[in-house]
Amino acid sequence: MTIAELLRSATQANASSDSAALDAALLLAHVLNVDLSYFKAWPDRTLSDADQEHFNGLLQRRLEGEPVAFIIGRQGFWSLDLKVSPETLIPRPETELLVEKALELPLPEDASVLDLGTGSGAIALALATERPEWAVSAVDCMPGAVALARGNCQQCALSNVQVFQSHWFAQIPPQQFHLIVSNPPYIEEGDRHLFEGDVRFEPASALVSGPDGLEDLRVIVARSADYLTPQGWLLVEHGFQQGDAVRSLFKAAGFTTIDTLTDLNGRERVTLGCYTVAA
Ligand SMILES: C[S@@+](CC[C@H](N)C(=O)[O-])C[C@H]1O[C@@H](n2cnc3c(N)ncnc32)[C@H](O)[C@@H]1O
């Protein structure tokens, strides 16, 4: 079979996926160890039996619902190609909104930054890449996520990030950051989305946050003030129906300049506020 024929038949077989053609191309690129542009240049190349068999095995996993990122072990985020694992969330494009906003804030050149619940390290590493002079600390409670983020940090050759294990602020020595960012778990226990699509393969530790989805956000927003400089910023991602609740949490914790940003679908996604110490 040629590359073009294999991609066509795999796309048809996986027609229930919204991204069937891209899924097939990513899986084949992984098997052949090439990038996607290769398929435009060599559509008529015939595949070896071994490559075809390898591809069929991966396609079968995709047809059973496993996310492409877990099958190939990688996901693009910002400008980075990150390793991913079933120990934590696959970084989502929506989270790039939080990175974009963080980079626009009025922060010192040598800002100190904390990423809570770093997972693969996506947010921390994107910020550290864009601002080499920032000092970024990144924590996660799951040892597997800490190891993954450390590996990604090494692969990106970043020397301005340190990753360590902490249950939110519990293992973070007292200090003040100019910016705290977090994409914490925020789905309600039992939410039907947990049983659909890619999310079924991701761990509850990265997704679920109590009966109303706000348990972790409550802790993060309430405790952040103790770890922020005066005029420091907190940015959090949350569910699209949690905007009102999250703004109330920011207000109750003494934040000002509170704002919520919407994603490309017009849904509330990221809330931020500035910690202004009363005179
Ligand atoms: C929604 S995932 C976000 C991962 C990554 N920041 C991203 O945007 O792709 C939430 C992360 O928070 C971590 N987490 C959950 N509870 C935590 C806690 N109590 N302390 C620290 N990290 C926690 C999970 O292990 C997971 O990696």
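One-based numbering along the sequence shown. Values below: every heavy atom of this structure, side chains too, minus hydrogens, waters and symmetry copies. Read the numbers this way: they start at 1 and go in the same order the structure lists the ligands and their atoms.
- We find that Arg92 and Glu202 are joined by a salt bridge, their nearest charged nitrogen and carboxylate oxygen being less than 4.0 Å apart.
- Sequence neighbours left out, not one pair with a member in residues 62-81 passes ring pair (Phe, Tyr, Trp, His ring centres under 6.0 Å).
- Partners of Phe169 under the ring pair (Phe, Tyr, Trp, His ring centres under 6.0 Å) rule, at least two apart in sequence or in another chain, are Tyr227.
- Using a 4.5 Å heavy-atom threshold, the side chains of Arg267 and Thr262 count as separate.
- Protein residues with any heavy atom under 4.0 Å from ligand 1: Thr88, Leu89, Pro91, Thr95, Gly117, Thr118, Gly119, Ile123, Asp140, Cys141, Met142, Ser166, His167, Trp168, Asn183, Pro184, Pro185, Ser205, Ala206.
- Residues that satisfy the salt bridge (Lys or Arg N to Asp or Glu O under 4.0 Å) test with Asp51, not counting sequence neighbours, are Arg45.
- Contact of the Leu32 side chain with the Phe39 side chain is registered, since non-hydrogen atoms from C-beta on lie closer than 4.5 Å.
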